[in-house]
Amino acid sequence: MKKPLTLGIMGGTFNPIHYGHLVTAEEAFYQFNLDKVIFMPAGQPPHKKDKEIISAENRYLMTVIATASNPHFTVSRLEIERKGPSYAIDTVRELRRIYKEDVTLYFITGADAILEILTWKDSEKLYELCHFIAATRPGYSLERFRKLHLLPENDSRKKKPSVFFMEVPALAISSTDIRKRIREGRPIKYLLPDGVASYIFKYGLYKKASL
Ligand code: ATP
Ligand code: MG
C-alpha cells in the first residue's frame, strides 16, 4: 500500500525570503519526516496592510530562486493566483482537493504567526484540516505558545489546534530588517541566498520606503 503523503506548507509574504524561512522549513522537513515542503507566497496577506509589499510575482520568483537547489522544496502559485486576501483555510482546502484525503498537512509557522492563529479566518475548521508546527523565533517566548496551546478548559472555543513545537537555531533575521538595510545601504549578504540578493539589486527592489 502506498504511504500517505505528508506535506509541509511554509506560508509567508516572503518580502523577501531569507535564511530564517529556509532553515525553519528544512528543520521541519527533517524533524517531521515530511515528503516535501511547499512554499506558499501570499498573494494578498490578510494581516499586512503594508505599502512595502512588492508584487506577488517578484516575491514568488525570489522564492523560486531561494529554493531551487533543494530537491524537497517546491513553490506554489495557488495563493498568488487566487483573487482577494490569502486565507490559510482556502489554501488548505484547495491542497486537500488536489491531494485527496491521502495527505497529512503540517502548516509551518514562526512563533509570531502561531500566536495569531486564533484570529485566522475559520480557525476552528482549519484545526480539523491540518496540524501546525511552531518554530522558535528570537523575541517570541515558547511560554506564550504553550499558553495558547493549553487553552483553559472553560474556553468557549471548543476546538484546539494541534500544535507541535520545534526548536530552530535562533536566527534574528526578518524581512523587515532586510528591507530597512537595503534602504539604508547596509549589507544584506549572508542574511539571504546570494541569488535573491542579486535579484533585488538587479531590479532595484526595496529602495524606497513605499513602493
Ligand atoms: P516581515 O518582517 O515582513 O513580517 P518575516 O521575516 O516575518 O517578514 P514572513 O514572510 O512574515 O517573514 O514570515 C513567514 C513565516 O516565516 C512566518 O510564519 C514567520 O513567523 C516565519 N519566520 C520568519 N522569519 C523567521 C525566523 N528568523 N525564524 C523562524 N521563523 C521565521
Ligand atoms: Mg512576519
Side-chain angles (χ1 to χ4, degrees), residues 7-29 31-32 34 37-50 52-54 56 59-60 62-63 66-67 73 75-76 78-80 82 84-95 105-151 157 159-179 191-192:
L7 301 179
I9 309 164
M10 183 77 205
T13 314
F14 304 130
N15 186 36
I17 188 163
H18 55 68
Y19 283 129
H21 302 128
L22 294 161
V23 164
T24 301
E26 182 66 8
E27 191 62 21
F29 174 81
Q31 285 196 24
F32 293 82
L34 306 177
V37 177
I38 304 175
F39 282 71
M40 188 66 68
Q44 228 176 282
H47 299 286
K48 287 186 181 173
K49 298 267 175 306
D50 218 324
E52 275 187 87
I53 300 178
I54 64 162
R59 293 183 287 106
Y60 167 80
M62 290 190 284
T63 308
T67 54
F73 284 176
V75 189
S76 169
L78 269 185
E79 290 194 355
I80 68 170
R82 201 166 57 221
S86 305
Y87 294 115
I89 183 76
D90 300 332
T91 304
V92 165
R93 281 194 175 127
E94 220 162 321
L95 288 173
L105 298 176
Y106 287 88
F107 206 100
I108 306 164
T109 73
D112 52 327
I114 200 76
L115 288 168
E116 289 170 5
I117 59 174
L118 291 171
T119 68
W120 290 7
K121 185 181 167 220
D122 292 342
S123 57
E124 290 198 5
K125 284 194 195 110
L126 188 62
Y127 305 160
E128 290 171 13
L129 300 175
C130 66
H131 305 289
F132 292 86
I133 299 174
T136 54
R137 194 174 179 185
Y140 295 89
S141 87
L142 270 171
E143 245 346 275
R144 284 175 66 207
F145 317 159
R146 297 209 194 274
K147 277 198 200 120
L148 164 98
H149 188 41
L150 304 169
L151 292 174
R157 290 167 291 222
K159 300 232 168 44
K160 291 181 190 177
S162 133
V163 184
F164 298 88
F165 301 102
M166 177 178 78
E167 300 271 343
V168 295
L171 281 176
I173 302 176
S174 72
S175 304
T176 302
D177 178 59
I178 292 172
R179 293 193 301 272
L191 300 176
L192 74 182

Over all heavy atoms of both residues, which pair between [X] and [Y] is shortest? Give the atoms and the distance, please.
| X | Y | result |
| --- | --- | --- |
| M40 | I9 | CB-CG2, 4.1 Å |
| P46 | P85 | CB-CB, 4.2 Å |
| P41 | S76 | CD-O, 3.4 Å |
| A113 | W120 | O-CZ2, 4.0 Å |
| V92 | L105 | CG1-CD1, 3.9 Å |
| A42 | E79 | CA-OE1, 3.2 Å |

Is any side-chain heavy atom of [X] less than 4.5 Å from a side-chain heavy atom of [Y]?
| X | Y | value |
| --- | --- | --- |
| P16 | R179 | yes |
| I173 | I178 | yes |
| R59 | I53 | yes |
| M62 | L192 | no |
| T24 | R137 | no |
| L126 | Y87 | no |

State the [atom1]-[atom2] distance between [X] and [Y], to the nearest 0.5 angstrom.
| X | Y | atom1 | atom2 | value |
| --- | --- | --- | --- | --- |
| E128 | I89 | CD | CD1 | 8.5 Å |
| L7 | I108 | CG | CD1 | 10.0 Å |
| Y106 | C130 | OH | SG | 11.0 Å |
| H21 | T67 | NE2 | OG1 | 12.5 Å |
| T136 | I114 | OG1 | CD1 | 12.5 Å |
| L171 | L191 | CG | CG | 9.5 Å |

**Evaluation steps, side chain to side chain contact (heavy atoms under 4.5 Å, CB included), between Y127 and V163** = CA-CA 9 Å; Y127 305 160; V163 184; over 6 Å; no
**Prompt:** Is the number of heavy atoms from other residues, nucleotides or ligands under 6.0 Å of K125 NZ greater than 12?
**Reply:** no
**Side-chain donor-acceptor contact under 3.5 Å, T91 with R82** = yes
**Request:** Carefully, step by step, assess L95 and L129 under the rule side chain to side chain contact (heavy atoms under 4.5 Å, CB included).
**Result:** CA-CA 10 Å; L95 288 173; L129 300 175; over 6 Å; no
**Prompt:** Looking at residues at least two apart in the chain, or sitting in another chain, which of them share a ring pair (Phe, Tyr, Trp, His ring centres under 6.0 Å) with Y60?
**Reply:** none
**Complete:** With F164 as partner, the option from F107, F132, F32 fulfilling ring pair (Phe, Tyr, Trp, His ring centres under 6.0 Å) is F32
**Asked** Is the backbone N or O of A134 less than 3.5 Å from a side-chain atom of T109, with the two atoms forming a donor-acceptor pair by type?
**Response** no
**Request:** Check for a donor-acceptor pair, side chain of N15 on one end and backbone N or O of S175 on the other, with a separation under 3.5 Å.
**Result:** no
